[in-house]
Amino acid sequence: GQQVMQIPQYQHVQEGEDFTTYCNSSTTLSNIQWYKQRPGGHPVFLIQLVKSGEVKKQKRLTFQFGEAKKNSSLHITATQTTDVGTYFCAGPMEYGNKLVFGAGTILRVKS
Amino acid sequence: SQTIHQWPATLVQPVGSPLSLECTVEGTSNPNLYWYRQAAGRGLQLLFYSVGIGQISSEVPQNLSASRPQDRQFILSSKKLLLSDSGFYLCAWSTSGNTIYFGEGSWLTVV
């Protein structure tokens, strides 16, 4: 079945270091979405990428969608303690009104 | 604007007892509705989704059921809880754009 794989599973960085999480789909995606879940909270939508090769920025966060529309990345520049949480990527299933979520990357930031 | 309400926020239930989690969405009509479960430190598992009143699709065989008695109401139930039913339950909604908006979640501990 359709799968979305996300790596790494876990990353612990020093405050100020950069962080990247990668997402790979087994199928071509019409779009890819990123969500952030703070510890103890619920996932919150961050952004959606639609176009092949698209790059979007939100302050220190940079999101990329691959040329083949099968992979994506989220890069955080100069991490801060407020960045801690789990980052999920998700892509729509080929059929039906559902998203396939990656397993998530847990980010911890040491101050 | 659209809002989603989910309750109760936390509950501790004995093994074999029934369960009812409720979710309502405001500010939109005919949303797609979802129930997800998240084990501690793990990813998002889709349990049920619904595209309309009385229309429920189950993603995994389990001890749970879902119902949608009204357009913007989604209920997760169990007749007899198991220890393995413990987790963080998230209700969510979407429209045709696929972006999913999550409720604040319900922490269930089965003892």
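Proteins get letters first, then strands, A, B, ... in listed order; numbering begins at 1 in each.
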> Among all residues two or more places apart in sequence or in another chain, which pass the ring pair (Phe, Tyr, Trp, His ring centres under 6.0 Å) test with B/Y101?
Replying inline: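 Residues passing ring pair (Phe, Tyr, Trp, His ring centres under 6.0 Å) with B/Y101: B/W93.
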> Residues of residues 103-111 of chain B under 4.5 Å from chain A (heavy atom pairs)?
Replying inline: B/G103, B/E104, B/W107
> How about residues 80-88 of chain B versus chain A: which residues have heavy atoms under 4.5 Å apart?
Replying inline: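 Result: B/F88.
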> Taking the six-membered ring for Trp, are A/Y10 and A/H12 parallel (under 30°), tilted (30 to 60°) or perpendicular (over 60°)?
Replying inline: perpendicular
> Side chain, backbone, both or neither: which part of A/I106 has an atom under 4.5 Å from a heavy atom of chain B?
Replying inline: side chain
>> Report which part of A/Q6 has an atom under 4.5 Å of a heavy atom belonging to chain B: side chain, backbone, both, or neither.
In response: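 For A/Q6, neither part sits under 4.5 Å from chain B.
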>> Which heavy atom of A/T79 sits nearest to which heavy atom of A/V13, and what is that distance?
In response: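 What the structure gives for the nearest pair is OG1-CG2, 3.5 Å.
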> Of the backbone (N, CA, C, O) and the side chain (C-beta and beyond), which part of B/Q45 lies under 4.5 Å from a heavy atom of chain A, both, or neither?
Replying inline: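 Looking at B/Q45, nothing touches chain A.
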> Side chain, backbone, both or neither: which part of B/L90 has a heavy atom under 4.5 Å from chain A?
Replying inline: side chain
Are the side chain of [X] and the backbone N or O of [Y] linked by a donor-acceptor pair below 3.5 Å?
{"X": "A/Y35", "Y": "A/F101", "answer": "no"}
{"X": "B/S50", "Y": "B/L33", "answer": "no"}
{"X": "B/D71", "Y": "B/N30", "answer": "yes"}
{"X": "B/Q6", "Y": "B/Y89", "answer": "yes"}

>> Counting only heavy atoms from other residues, nucleotides and ligands, does the tally under 6.0 Å from CZ of A/R60 exceed 12?
In response: yes
> Would a line drawn from the ring center of A/F45 to the ring center of B/F102 be shorter than 6.0 Å?
Replying inline: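 No, too far apart.
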> Salt-bridged, A/E54 to A/K56, with N to O below 4.0 Å?
Replying inline: yes
>> Suppose clustering is done on Ile, Leu, Val, Met, Phe, Trp and Tyr with side-chain heavy atoms closer than 4.5 Å. Which residues sit in the same group as B/I75?
In response: none
